[in-house]
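Naming convention: chains lettered A, B, ... in sequence-line order (proteins, then strands); numbering from 1 in each chain.
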There are 2 protein chains.
Amino acid sequence: MAATEPPRRPTQRDIARRAGVSTATVSYVLSGRRGGAKPPPQETRERVMRAVAEIGYQIDHSARSLRRRRTDLVGLMYPAPSSPWSDRLAEQMQAAAAERGLAVVALPVSESTPSDALLRVLRERYVDGAILLPDCPLGGAELSALARQGLSLVVFDDELRPDGFDVVRQDRARSCRAAVERLVALGHRRIGYLAHPGESEWAPARSVKLHGYRRVLGEHGIGVDPDLVRPVADSRPDAYAAVRELLGRPDPPTALLSATDRAAIDAIWAARDLGAAVPEELAVIGIGNIPEGLVISPALTTVGAPVLDFSREVARLFARLESASPLPDAVLAAPWELIVRESG
Amino acid sequence: MAATEPPRRPTQRDIARRAGVSTATVSYVLSGRRGGAKPPPQETRERVMRAVAEIGYQIDHSARSLRRRRTDLVGLMYPAPSSPWSDRLAEQMQAAAAERGLAVVALPVSESTPSDALLRVLRERYVDGAILLPDCPLGGAELSALARQGLSLVVFDDELRPDGFDVVRQDRARSCRAAVERLVALGHRRIGYLAHPGESEWAPARSVKLHGYRRVLGEHGIGVDPDLVRPVADSRPDAYAAVRELLGRPDPPTALLSATDRAAIDAIWAARDLGAAVPEELAVIGIGNIPEGLVISPALTTVGAPVLDFSREVARLFARLESASPLPDAVLAAPWELIVRESG
DNA sequence: CTGAAAGCGCTTACAG
DNA sequence: CTGAAAGCGCTTACAG
């Protein structure tokens, strides 16, 4: 048996030997293309393909990439956990990539382990290009440097200036403020906030939600009651418990803004279970606009992208990837909106 | 300006030239290791590192991989959409990988575009190893072939025999049947099933849920009413609408098994909104055991892994990866369980 | 202590 | 129509 045989992947030399041709011919047959010249004749192709099948040859990605100066891989980087948005984008990228024979890898960056290894995937050219969802740990200078080295990049960010890479603007801060404005306009004065865990320590550019909450309250002369700001994990019993607790206070909030739709949904459950009518006794507005917000009753008022579609952004990445000369920088507008439904 | 300058990544030759050393020395300095010999002296190291910083050099992944015969990349393949389970596994893999200086890429395979390009990531050695969650589109023969070529593989599958790769057994079929058994034992005769879209066309090995549902009903002499089997998309208004419709029938189901916890949760919402008491008037059991099942009230009875932890599986992948000689095949038991809470 | 050289597995202009 | 050869950017045994 071959049990202890050292694993060696067959190479094009093995194919060439077996088919009685040169490695050049093997390569021509496998790639199907060949400069300007005609492809090898049918007979030769068959001999090569037979050898490939018999040996079970698979091309070596590293060698091909080194030689061709491209990896045929694109990445999607996003802060973990995944969401319907990152899932959808991955799916759309994959469809577009498949048409071109490229593969897509997802690069979830965990809050807990902001792995340097993950950034190396971009820096060391594991991929030819990438789409970066908001709040990935890369600064403008670094992105420019990557772009200058030929990496194709489409970056979701509301502040960065494009510089060799494209930027997608969502105006998240504006629409988060609109949500708080709405609650204030509805007459609410005690407005709670379900924060991302650790959000209060984030850089300002990242904590647009908390920042907008504070700012709008301030503008209306409403002080921020720190007791009404609760960090809760995404989609966990935390939010439910926090809302139970908030509603049990002597001076409970009458409205809640939540950094995530999932926590907002948990909040609605909690309110319903406690017999607090939503939105009459507790108005709830989420952030993110995930599809589940449509299912709960009352339907979730939220802030987010109006449609679950990234065709433009995906098209832009591939346009950059395929363009012979560097494309001019683009700014794509994909603004978030306040989506008023029933809960607030 | 360098706007039209063709992007060229600097190489170790550029560093060598600038630092006045050979490329061998650059490589030694950068890698920090050097066969048995001592590393270059401090002064040389500094010169090299200075040149690296000034030029903004980043190593080329393809070239390094080709030479070292390893990519320092591991993959996590799973059927899209992502779930708390795939997220958690990605996070645990990433933590373990980061300790070793490796990166993790996620490989979500979409039902709609079962991309050949994605399989190439495994076949063509983009990665050194991978963990495959259940229902990835790779057969036993193919997995064995990949393993024989030296790919390290840990595969979640209830049927496959390990063969150069390790297998994690969850016994999903058994525990799905246990869920139906429970409903029958509770006296239910009209038991509906919220299926994965397209599940009835899946291969038997993949449709363990539907199959278990049918089989147990058959064993108890309960005919399967096709009207009670509804395909619904994961986490979408579908499930909510389907349950509304089912409960409006003249002969509504008194119990529901759902292929996903999310749809089960939607079902509970729908029942509550219609004033049907859960579990008294409609018992609901989900499959998957996602954390959200704990939040809804009544808490979701479900089937799934009892704890959100993949340390053993992750450790096993890295053991394979790091072992000089091929490890003997392992079968890890990580059985799903019926987790009885309140909803059914 | 350092560098010249070979070679990883491909691709591709080029010569025959 | 086909093959010999150079070279992509690294690493590493080896010679000096």
Winner on side-chain proximity to A:R64, out of C:dT11, D:dC8, D:dT11, is C:dT11
Distance-only side-chain donor-acceptor flag, A:Q94 / B:S110, under 3.5 Å:
yes
Nucleotide D:dC1, atom P - distance to CD of A:Q42 in whole Å
13 Å
Ring geometry between A:H61 and B:Y126 (parallel below 30°, tilted from 30 to 60°, perpendicular above 60°):
parallel
Between A:E124 (CD) and D:dC10 (P), how many Å, whole number?
10 Å
Among C:dT11, C:dG3, C:dG9, which nucleotide sits nearest the side chain of B:T25?
C:dG3
Once rounded to the nearest 0.5 Å, what's the spacing between atom CD of B:E124 and atom CG of A:D72?
9.0 Å
If the cut-off is 4.0 Å, is B:R69 near the phosphate of C:dG9, judged by side-chain N/O to OP1 or OP2?
yes
According to a strict under-4.0 Å criterion, is B:S22 in side-chain N/O contact with OP1 or OP2 of C:dG3?
yes
Contact class for A:T44 vs. all strands (heavy atom < 4.0 Å): base, sugar-phosphate, or nothing?
sugar-phosphate
Distance check needed: D:dC10 C1' versus B:Q58 CD, whole Å only.
15 Å
Would you say a side-chain N or O of A:Y57 is under 4.0 Å from OP1 or OP2 of C:dC10?
yes
Inspect the contact between B:D14 and B:R9 and indicate whether a charged nitrogen and a carboxylate oxygen are less than 4.0 angstrom apart.
no
Separation of A:R70 atom CZ from D:dG9 atom P, in whole Å?
16 Å
Rounded interatomic separation in angstrom, taking NE2 from B:H61 and C1' from C:dG9:
15 Å
In whole Å, what is the span from the CG atom of B:L30 to the C1' atom of D:dT12?
14 Å
On DNA chain D, does the nearest nucleotide to A:R47 precede the nearest nucleotide to B:T23 from the 5' side, or the other way round? Give the residue.
A:R47
Strand partner of D:dC14, provided both Watson-Crick or wobble distances fall under 3.5 Å
C:dG3
Which residue, A:S31 or B:P40, contacts DNA chain C at a nucleotide closer to its 5' end, judged by nearest heavy atom?
B:P40
B:R67 atom CZ is separated from C:dA6 atom C1', nearest whole Å, by 8 Å
Is B:S27 close enough to D:dC10 that one of its side-chain N or O atoms is under 4.0 Å from OP1 or OP2 there?
no
Among the nucleotides C:dC1, C:dG9, C:dC10, whichever has the atom closest to the side chain of B:P41 is C:dC1
Rounded to the nearest 0.5 Å, what's the gap from CD1 on B:I55 to OG1 on B:T11? Could you check?
8.5 Å
Nearest-Å distance, CZ (B:R68) to C1' (C:dG9)?
17 Å
